[in-house]
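This report refers to the structure that appears directly beneath it.
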Amino acid sequence: SVFMYHRIGESKYPSTNVTIKQFEEHINYISKNNFHIISLKEVLSIILDDKIFEKNTVSFTVDDAYESFYLNAWPKFKENNIPVTLFISTEIINNKTKGYMTWDQIRNFLNEGGNIGQHTSSHMHMPFNSKELIKKDILDSHKSFMKELGFIPELFAYPYGETSKEVISTLKEFNITHAFGQHSGVISIYDNEYYLPRFSLNEQFGDLDRFIFAAKSLPLVIEDFIPSEMYLSADLSPNIEFSIKSDIDIDQINCFANAGGKWSSQDITNITKKRIQILLNDSFKSGRGRINCTVQKDNNWHWFGYQFLIK
């Protein structure tokens, strides 16, 4: 499971913030129990080598480089020798935006053992922009990284977790080989390498019980997911199908979606013994349409999640 934070200890922004108490509970629990904590680069190495993740493997990421991460969370990560990857939108740092880290702080973070990744220059909604603008934005971020740090990070995370087939084709032109979204789910070696899931944590979804549940979950391994396009502009109630590789009873799967603007259980039809169709009970509304599917086997929960961007 890969976790994602934004702000730590900024209660004015509960949708992107976890309290310091919540954050410390997460780190204390992970540190004192039997978890295999690895860096995001190690996550990708396992995927590239087609290896199997050890049980209870976790990794940590932080988006946007808010100063509250540097002041309130980085010392705790360091104290516990926990690797963390910070995804940076460079224009925000270049503009010395209040509430964000400075380049000096980012350099210090790197010197103290931190890792960083790309997050575009302007923190743009990538699928809403032309290929030319996306390429310019990525190039601008590369120029800033080279100027300030002397290298271009390999890792990439989509702002808002939003992508499309065209965006992915653009990333490939920059030799970016993997990218992370913001949809819940446990990574498996069979996932789309350009749409890897992360568990987003905030005040509402950052309580310790949910964190433990996500940290201990196993992947619900799927393949041949349709629709292949993440950006929906026409059919807002798409036919969702996928085949299941995990050794589970598909009759026990439960799928939830925010179709119609609120989370609810969705009907499932078995197409074959290993392939299901999710029958949405309403259309996705504008913004982000999400599905989460879980199933329990032998006291272990398996989790698959997906996010669509809705025009």
Side-chain angles (χ1 to χ4, degrees), residues 4 6 15-16 63 119-120 122-134 137 156-172 179-187 190-200 202 204-205 219-244 250 253-272 274-295 302-311:
M4 176 190 67
H6 282 89
S15 65
T16 54
D63 283 11
H119 205 42
T120 73
S122 64
H123 203 274
M124 64 176 1
H125 292 275
M126 297 182 79
F128 293 161
N129 286 273
S130 68
K131 190 179 187 77
E132 291 72 25
L133 280 175
I134 293 170
D137 201 84
F156 189 96
Y158 304 106
Y160 313 102
E162 299 169 352
T163 190
S164 68
K165 291 171 76 172
E166 182 174 67
V167 169
I168 289 171
S169 74
T170 305
L171 294 191
K172 291 178 179 179
F180 291 84
Q182 291 186 14
H183 47 293
S184 298
V186 183
I187 290 177
Y190 299 98
D191 280 342
N192 180 346
E193 61 266 35
Y194 286 94
Y195 205 35
L196 297 168
R198 295 183 293 167
F199 286 101
S200 179
N202 60 17
Q204 181 180 358
F205 296 108
L220 176 56
V221 183
I222 68 101
E223 61 183 356
D224 300 327
F225 183 95
I226 61 172
S228 59
E229 178 58 82
M230 305 88 171
Y231 179 33
L232 305 180
S233 58
D235 184 4
L236 305 187
S237 183
N239 174 37
I240 300 173
E241 292 183 16
F242 52 85
S243 299
I244 297 164
I250 70 170
I253 291 178
N254 291 299
C255 291
F256 297 83
N258 64 343
K262 61 180 181 180
W263 284 94
S264 61
S265 179
Q266 307 296 308
D267 291 331
I268 298 172
T269 296
N270 295 352
I271 299 173
T272 68
K274 282 293 185 178
R275 188 167 182 83
I276 66 172
Q277 178 184 40
I278 299 175
L279 305 171
L280 295 177
N281 57 24
D282 202 344
S283 298
F284 285 123
K285 302 301 181 184
S286 62
R288 294 162 219 156
R290 294 188 172 101
I291 61 169
N292 282 319
C293 296
T294 57
V295 61
H302 298 251
W303 189 326
F304 167 74
Y306 204 83
Q307 175 179 290
F308 298 101
L309 177 61
I310 313 300
K311 186 173 181 180

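Atoms considered below: every heavy atom in the structure, side chains included; atoms not considered: hydrogens, waters and symmetry mates. Remember, it's a predicted structure, so these values are computed and weren't measured experimentally.
Looking at residues two or more places apart in sequence or on another chain, you find a salt bridge (charged side-chain N to carboxylate O under 4.0 Å, His left out) between E162 and R288. Among residues two or more places apart in sequence or in another chain, the salt bridge (charged side-chain N to carboxylate O under 4.0 Å, His left out) test is passed with E193 by none.
Between P238 and P227, the shortest heavy-atom distance links the atoms CB-CG, 4.1 Å. Contact detail for T272 and I250: the closest heavy-atom pair is O-CD1, 3.7 Å. Between I291 and F284 the shortest heavy-atom distance is CG2-CZ, 4.2 Å. Taking all atoms of both residues into account, the shortest heavy-atom contact from N192 to M230 is ND2-CE, 3.6 Å. Here the shortest heavy-atom pairing between L280 and A259 reads CD2-CB, 4.4 Å. Here the shortest heavy-atom pairing between S228 and K165 reads OG-NZ, 3.3 Å.
Residues W303 and S184 form a side-chain contact, since some pair of their non-hydrogen atoms from C-beta on lies under 4.5 Å apart. With a 4.5 Å cut-off on side-chain heavy atoms, D224 and R275 count as touching. At least one side-chain heavy atom of L171 sits less than 4.5 Å from a side-chain heavy atom of F156. Two residues are said to be in side-chain contact when any heavy atoms from C-beta on lie closer than 4.5 Å; H125 and P159 fail this criterion. Side-chain contact between P197 and I187: present, with at least one pair of heavy atoms (C-beta onward) separated by less than 4.5 Å.
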- [ ] Decide side chain to side chain contact (heavy atoms under 4.5 Å, CB included) for D267 and N281; before the verdict, give the C-alpha distance in whole Å, the side-chain angles of both, and the deciding distance to 0.1 Å.
- [x] CA-CA 8 Å; D267 291 331; N281 57 24; over 6 Å; no

- [ ] Before giving the answer on side chain to side chain contact (heavy atoms under 4.5 Å, CB included), spell out for I278 and Y306 the whole-Å C-alpha distance, their side-chain angles and the decisive distance to 0.1 Å.
- [x] CA-CA 12 Å; I278 299 175; Y306 204 83; over 6 Å; no

Open item on the list: Could you walk me through whether N202 and T16 satisfy the side chain to side chain contact (heavy atoms under 4.5 Å, CB included) test, starting with their C-alpha distance in whole Å, then the side-chain angles of each, then the deciding distance to 0.1 Å, before giving a yes or no?
Closed with: CA-CA 5 Å; N202 60 17; T16 54; 5.9 Å; no

Task: Criterion side chain to side chain contact (heavy atoms under 4.5 Å, CB included) on K131 and S169, from CA distance to verdict - done: CA-CA 9 Å; K131 190 179 187 77; S169 74; 3.1 Å; yes

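Between Q307 atom CD and Q182 atom CD the span is 7.0 Å, to the nearest 0.5 Å. Note that CG of N258 and CZ of F256 are 13.0 Å apart. Values are rounded to the nearest 0.5 Å. Atom CD1 of I244 and atom SG of C293 lie 8.0 Å apart (nearest 0.5 Å). Here OG1 of T294 is found 10.5 Å from NE2 of H302. Values are rounded to the nearest 0.5 Å. The line from CG of D137 to CE of M126 is 7.5 Å long, rounded to the nearest 0.5 Å. Between the CG atom in L133 and the CE atom in M124 there is a gap of 5.5 Å [rounded to 0.5 Å].
Note: F242 and F304 have tilted aromatic rings, judged against thresholds of 30 and 60 degrees for the angle between ring planes. In this pair, Y195 and Y158 present their aromatic rings perpendicular. The plane angle is above 60°, beyond the 30 to 60° band.
For Y231 and F128, the ring centers sit closer than 6.0 Å to each other.
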